[in-house]
There are 2 protein chains.
Amino acid sequence: MKIDPKKPADLSVQIAQSIRDAIISGRLIVDERLPSEAELSDQFQVSRPTVREALKRLAAQSLIRTQRGATGGAFVNRLSYQDAYSQQITTSTLLLSMNAVSFETACEARYSLERACATLSAERRTADHLATMRAEIFRQAQPGLTDEAFCASDVTFHRALVDGAGNPVLSYQLAGAVEAMQPLMNMITFTARSREEIIVLHNQIADALDRRDAAAVDSALVDLEAYTRKLALDVAKQRRKPTE
Amino acid sequence: MKIDPKKPADLSVQIAQSIRDAIISGRLIVDERLPSEAELSDQFQVSRPTVREALKRLAAQSLIRTQRGATGGAFVNRLSYQDAYSQQITTSTLLLSMNAVSFETACEARYSLERACATLSAERRTADHLATMRAEIFRQAQPGLTDEAFCASDVTFHRALVDGAGNPVLSYQLAGAVEAMQPLMNMITFTARSREEIIVLHNQIADALDRRDAAAVDSALVDLEAYTRKLALDVAKQRRKPTE
DNA sequence: GACTTTTAAATGTCAGACAAATGAAATTTT
DNA sequence: AAAATTTCATTTGTCTGACATTTAAAAGTC
């Protein structure tokens, strides 16, 4: 492993890139220990702080983990679905909040993807997935639930629907779309009336999944999307005329 | 901004978390300049190298950018779709390669998502998207094209299809699914015969999009998925009996 | 006024040191 | 001999202080 000492970017960027390439290409395999920081600074002919900055960059992406002590060091990390989920969620959330993505755009993306899962979920969902969904519907019907708690339950419900497809890659992709919507959803005030409507639709979805009726799931999701967009539109209207 | 000097994790992790929270919560807004490294080390009561490690973590996630010079410093970065794409692709690629995701699982996820876009794309695709797809089909028919170049063209084709939906959030979500498949696709040897088949299906997709026939696009995508899985299966068979 | 030079501020890098954690080896105790 | 304890070497985490490099603005020059 060597780097170009003069040409383009900062040294720590180059070193991070070099190690990243080694991991992606498979020259460094999972759980393999990297040379110690002292050895790396020798190899790359840079100081230890520079090596450390490079390692911190990789750690921030969950590509390595570090451990102190005699047998410690930096190890190539197996990127778990959990790690990937949370990175995906952070990125998606920031992307939406920093780029002023409209509610309509985010909502459309989310429900399009979710409907893609629904067909598979109707086929493969287990009793467990259904039980989770029923439990969340029950929770959503509780009086005195805060809007945040209602939203959180909504996310759990939809994740169960997605997980029912039995495809972890799909679940990972959807995690971002569903969870990144949450800050936007939290701006909605859910009245008792609108909660009722949503629960009706949730029940339709659960019932349809129960009898493995993909078309009915899809149709209920379309209705749910339409209703969600209507709610958001009402909020926007209220904001424009706050006195009325 | 303060940190707990004794409790849980490393200082640079705490500092990074503290600044990250400030960005996500909106206390630091886009293009705002952070205090200089010297000022931050004063504020957090840590040394400059520690502050720098924290900043490098944030830079690795594209949350900040740094600039040298008199008016330089660290600035809150607007997470562009481009940045989000590339992070998404890196994460998805690693997730697939490190967790031995089967070709079937990845393929199913990809085509499920892609079909979700196709309906919207049939409605909204512009002449530009169609032109890109036709151009890529033409390229794919060129003799002497390497397998890698064929795959790359395939990715461009499918991205045009996805972009046709006119929803940047969808495009972002799909980027990971489509591009992360490429290393897996590269393991397939595309014979002249199989390229012909794929081009036929690509043409079906382009034609269907041309006349805005969502059902026909969907059907062609289903066929393409089935054919892709068949090709992968053949490769796997060949590997098991290399002498036959 | 336009151009050049200087200067100050900021990040990037380096060197050397100490602190803290940690597992393994060496030692002592039972 | 086995178990518990201590020592010890290794490695990451952090600090201090310094120098190099970049950059834009201020000062100076024609």
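Numbers restart at 1 for each chain; the letters A, B, ... are given by sequence-line order, proteins then strands.
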If the condition is side chain to side chain contact (heavy atoms under 4.5 Å, CB included), which residues does [X] pass it with, not counting sequence neighbours?
X: A/A152; result: A/Q182
X: A/A180; result: A/S92, A/T93, A/L96
X: A/E104; result: A/S102, A/R229, A/L233

Write down the distance between [atom1] ([X]) and [atom2] ([N]), rounded to a whole number of angstrom.
X: B/L40; N: D/dC15; atom1: CG; atom2: P; result: 13 Å
X: B/D42; N: D/dT16; atom1: CG; atom2: P; result: 11 Å
X: B/F75; N: D/dA24; atom1: CZ; atom2: C1'; result: 12 Å

Expected string for nucleotides 11-19 of chain C under the B/S/- scheme (protein heavy atoms, under 4.0 Å, primed atoms plus P, OP1, OP2 as sugar-phosphate) is BBBB--B--
Would you be so kind as to tabulate the donor-acceptor pairs closer than 3.5 Å made by side chains of residues 63-72 of chain B, with sequence neighbours excluded?
| from | atom 1 | to | atom 2 | distance (Å) |
| --- | --- | --- | --- | --- |
| B/R65 | NH1 | B/D31 | OD1 | 3.4 |
| B/R65 | NH1 | B/V76 | O | 3.2 |
| B/R65 | NH1 | B/N77 | OD1 | 3.2 |
| B/R65 | NH2 | B/D31 | OD1 | 3.0 |

Which residues pass the side-chain hydrogen bond (donor to acceptor under 3.5 Å, both in side chains) test with A/S153, sequence neighbours left out?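 Scan of A/S153 (side-chain hydrogen bond (donor to acceptor under 3.5 Å, both in side chains), adjacent residues dropped) gives A/E136, A/Q140.
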